[in-house]
Protein chains: 2
Amino acid sequence: MSETSIRYVRMLEQVARWPRRVSCRELREKLAAEGFDVSKRTVERDLDKLSRWFPIVSDGASPQGWSWSREARGFELPAMSPATALAFLLLNEFSRPLLPNNMQSFLDEHLTRAREILEQTEKNQPGMSHWSELVAVVPRSQPLLPPKGDAEAIRTAYDALLEGCLFEAEYRAASRDLEPKTYRINPLGLILRDNVLYLACTLFNYEDIRLLALHRLGKARLLDEPGWSPKDFQLREYVASGAVDVLEGPEIELVADFERDAARHLSESPLSEDQQLEERGEDITRVTATVRNTRQLRWWLHGFGAAVEVIAPTELREEMAANARALLKHYG
Amino acid sequence: MSETSIRYVRMLEQVARWPRRVSCRELREKLAAEGFDVSKRTVERDLDKLSRWFPIVSDGASPQGWSWSREARGFELPAMSPATALAFLLLNEFSRPLLPNNMQSFLDEHLTRAREILEQTEKNQPGMSHWSELVAVVPRSQPLLPPKGDAEAIRTAYDALLEGCLFEAEYRAASRDLEPKTYRINPLGLILRDNVLYLACTLFNYEDIRLLALHRLGKARLLDEPGWSPKDFQLREYVASGAVDVLEGPEIELVADFERDAARHLSESPLSEDQQLEERGEDITRVTATVRNTRQLRWWLHGFGAAVEVIAPTELREEMAANARALLKHYG
DNA sequence: CGACAGAGCGACAGCGCCTGTCGCATCTCG
DNA sequence: CGAGATGCGACAGGCGCTGTCGCTCTGTCG
C-alpha cells in the first residue's frame with residue numbers, strides 16, 4: 001500500500017490546535033523523522049489538499065503557520081464508545097461544582113464529542129429518553145460555586161509549568177483592596193484543594209516556596225528563561241508536610257460508635273482496608289479502622305453530628321467533647 | 001484531491017473498538033451513506049491495507065468482523081494539547097477516591113494518551129520534574145474506598161441503558177447472607193451518589209421505580225426486548241423528589257456566624273450567587289445566603305463543629321441546638 | 001445431502017492521482 | 001539592495017487505486 005494516505009494521517013496529528021502553529025519546514029522534518037521522505041513541494045501541496053477536507057488553516061504569514069482552526073470539532077480513533085461517552089457526561093455533572101471552571105474548559109472538547117456520540121447512538125434508538133435524561137448526580141458535599149479566573153493567564157501557567165520556563169503575571173492578593181502586583185514566577189507544580197487550583201512556585205530569585213491561587217492571576221506572559229527546582233523539592237512531600245494547610249497526621253486506630261443508619265454505607269465504602277464493623281445492638285454499630293489523623297477526619301466526624309460518638313483514641317474523643325461543650329455555649 | 005485518503009479516515013472512524021465488530025457489507029453501506037460509492041472489493045482491499053498500518057484486526061469468521069484490537073493505543077485529531085493532558089491527570093488524581101472504579105476504567109484510555117503526550121513533551125524539556133511530580137490533590141472530604149463491582153455486568157447495564165433494551169442480571173441484596181437473585185431489568189437512568197453508582201430501573205413487569213447499586217450486579221446479559229418508560233417518568237424530577245434518600249428541600253435564607261478563618265474560603269467559593277459576608281468584629285463573620293434546605297447543608301454545617309453558629313431560620317437553629325445537646329450527652 | 005446465496009480473494013487493465021523537478025515571483029532580514 | 005528562503009504554477013512519468021470477472025469456500029435452508 002502506498003504510504004501516501006498514512007502520511008496524511010500523520011500530518012494531521014502533527015498539526016496542533018490553534019494558536020499553536022507549525023511551518024512546512026518543521027513538518028517536513030518531523031515526517032522525515034518518521035520515515036516519510038518527501039519533497040518540500042509535496043508537503044505544501046498536502047497541506048493545501050487537507051485544508052479542503054479538514055478544518056486546518058494557514059495564518060498567511062511567511063513562512064506559513066498551519067493549525068487546526070480554533071473551533072474545529074475533532075475526532076478520535078478508534079471512536080469513543082457510547083459507554084465512555086456516558087461516563088464523561090456523568091463525570092461532568094459530578095465534577096462541575098467540585099472543579100475549578102478553568103479545568104472544566106480543558107475537558108470541553110471531549111464533552112462535545114461525547115454528546116455527539118450519544119446523539120448519534122440515539123438516532124438509531126428513537127423513543128428512548130434523551131441522553132441528558134440518563135444521568136444524575138446527588139452531590140456528596142455542600143456545593144460551592146467555583147471561583148472564576150482569567151482563562152488566558154491560567155493557560156499560560158500550565159504552559160510554563162510544562163515547558164519548564166518562567167512566566168510573569170499579575171497577582172491580586174486575597175485582601176481585596178490591594179493593588180495587583182506583577183511577579184516573575186518559577187512554577188513547580190499544581191495543587192488542587194477543594195475547588196481551587198494552587199500553583200506551587202518561587203518568586204523572583206527567592207528560594208522559598210509560595211502558593212498562588214490560579215484564579216487570582218492575570219495578564220500573564222511566558223518568559224524565555226528556564227525554570228529551576230529548589231534543591232530537594234518534591235511536590236508530594238511538600239504537600240504531605242502540611243504546607244497546604246491540611247496536616248497529614250500520623251495513622252491512628254479510630255474506634256467510634258455510629259447510629260446504624262449512619263454506618264451502613266461504610267460496609268460498602270470502607271474507611272480503610274482493615275476496617276471492622278461490629279453490631280452492638282440497640283441501633284449502634286462500632287467501627288474500627290486505621291486512618292490518618294487529619295483535619296478532614298474531624299470534619300467528616302463532625303458532619304454526622306450526634307449520630308457518632310468517638311471512643312478512641314482518647315485525645316480525639318477529648319477534642320470532640322470540647323467541641324460539644326463549645327457548641328452548647330452557642331445555643332445556650 | 002482524491003477522495004481515497006479521506007475514505008480511509010472515515011473507515012477508521014466506523015471501525016469500533018473490540019469487542020464491537022463491523023462487517024464489510026455494513027461498512028460499505030455506511031460509506032455509501034456518506035457519499036463514498038465504492039465496490040465491495042475495494043472495501044475488502046482497504047481493510048486489508050489499513051490493517052497493515054493500524055491495529056485493526058479481523059475475527060476470521062465469515063462474514064469477517066473487523067474491529068480495533070483491544071489494546072490498541074488510539075489517537076485523536078487534533079492531538080490532545082499538553083495542557084489538557086495535565087488537566088486529565090489532575091482530574092484523575094482528584095476523582096479516583098470519589099468515583100466508582102468502574103467509571104474510572106472508561107477514562108483509562110484517555111489517561112494513557114495523556115501520559116504519552118506529557119512524556120513526549122518532556123523529551124523536549126529534559127531536566128524538569130517528571131509529570132507525575134507536577135500535580136497533587138488535597139482532598140476535600142474524608143476519602144472512602146470505592147466499592148468494587150463486576151466490570152462486565154456494569155458495562156452491560158450501560159449498554160442496555162443506551163440501547164434502550166432490557167437486560168437480565170443477578171443482584172446481591174445489601175444484607176450479605178441472602179442468595180443473589182436474578183432479575184429482568186428495565187434501565188431508566190444512572191445516578192451517582194458519593195462514590196456509588198445506582199441504576200434507576202423497573203423490575204420484571206412492575207411499574208414501581210427501584211434503585212440498584214451497580215457494584216452489586218453480576219452475571220448480566222442483554223435481552224432482545226425493547227425497554228419502556230413508566231408514564232411521566234423524568235430522572236431529574238425523580239431525584240429531586242428525594243427518592244434517593246437526600247431530600248431536596250425548599251430554598252431558605254441561611255444566616256450563620258462563622259469564625260473568621262472558617263468563613264474565609266467563602267469569599268472566593270461562595271455558597272450562592274447572592275451570598276453576603278459581613279464582618280462583625282471579634283473574629284466573627286456573618287454569612288447570609290439563599291440555599292436549598294438539604295441534608296447536605298446540615299452535614300456541611302456540622303462539619304465546622306463549634307466554628308459556626310446558625311442564626312436563622314429558627315427551625316434550623318433549633319435543629320442544631322438539639323444536636324448539640326445530644327452530642328453533650330455522649331461525652332458527658 | 002445437495003443447491004444456492006453470499007463472502008473472500010487473485011488477476012488484470014486502464015485511468016488518474018501523486019511526486020520530484022524546474023523556474024519564477026515574492027518576502028524577509030541583514 | 002542583495003542573498004537566501006518560501007510559495008506556487010506547470011509538467012511528465014510512474015505507479016497506486018478501482019471496477020470487473022471468475023474461481024473457491026462457507027454457511028444455510030429445504
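Throughout, protein chains are lettered first and strands after them, A, B, ... in sequence-line order, and every chain is numbered starting at 1.
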Before accepting this row, confirm whether a basic side-chain N of the pair [X]/[Y] lies closer than 4.0 Å to the acidic partner's carboxylate O.
X        : Y        : value
B/Glu44  : B/Lys40  : yes
B/Lys30  : B/Glu34  : no
A/Glu13  : A/Arg10  : yes
A/Glu152 : A/Arg155 : no

How long is the line joining [atom1] of [X] and [atom2] of [N], in whole Å?
X       : N      : atom1 : atom2 : result
A/Leu50 : C/dC18 : CG    : P     : 10 Å
A/Arg52 : C/dC17 : CZ    : P     : 12 Å
B/Glu3  : D/dC17 : CD    : C1'   : 13 Å
B/Lys40 : C/dG6  : NZ    : C1'   : 8 Å
B/Tyr8  : C/dC17 : OH    : P     : 14 Å
B/Gln64 : C/dA7  : CD    : C1'   : 8 Å
B/Glu44 : D/dT24 : CD    : P     : 18 Å
A/Asp46 : C/dT19 : CG    : P     : 6 Å

(request) Would you state whether a donor and an acceptor, one from the side chain of B/Arg45 and one from the base of C/dG10, lie under 3.5 Å apart? (result)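 No such pair is found, so the answer is no.
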(message) Heavy atoms within less than 4.0 Å of DNA chain D: which residues of residues 22-32 of chain A have one? Give them sorted by number.
(response)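 Listed by number, they are A/Arg25.
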(message) Between A/Arg41 and B/Arg41, which residue's closest nucleotide on DNA chain D lies nearer the 5′ terminus?
(response)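 Comparing both residues, the 5'-ward one is A/Arg41.
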(message) Among residues at least two apart in sequence or on other chains, which ones pass ring pair (Phe, Tyr, Trp, His ring centres under 6.0 Å) with B/Phe36?
(response)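 Scan of B/Phe36 (ring pair (Phe, Tyr, Trp, His ring centres under 6.0 Å), adjacent residues dropped) gives none.
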(request) May I ask you to verify if any side-chain N or O of B/Ser39 is less than 4.0 angstrom from the OP1 or OP2 atom of D/dT20? (result)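 Result: no.
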(message) Just N and O in the side chain of A/Thr4: are any of them under 4.0 Å from OP1 or OP2 of D/dG16?
(response)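 No, because none of the side-chain N or O atoms of A/Thr4 sits under 4.0 Å from OP1 or OP2 of D/dG16.
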(request) Sugar-phosphate means primed atoms, P, OP1 and OP2; the rest is base. With that split, encode nucleotides 25-30 of chain C 5' to 3' as B, S or - using protein heavy atoms under 4.0 Å. (result) ---S--
(request) Apply ring-ring contact (aromatic ring centres under 6.0 Å, His included) to the pair A/Tyr8 and B/Tyr8, showing each step before the final yes or no. (result) CA-CA 10 Å; A/Tyr8 288 149; B/Tyr8 288 150; 9.7 Å; no
Could you tell me whether a side-chain N or O of [X] sits under 3.5 Å from a main-chain N or O of [Y], the two making a donor and an acceptor?
X        : Y        : value
A/Arg172 : A/His215 : yes
A/Glu133 : B/Leu235 : yes
B/Arg17  : B/Arg70  : yes

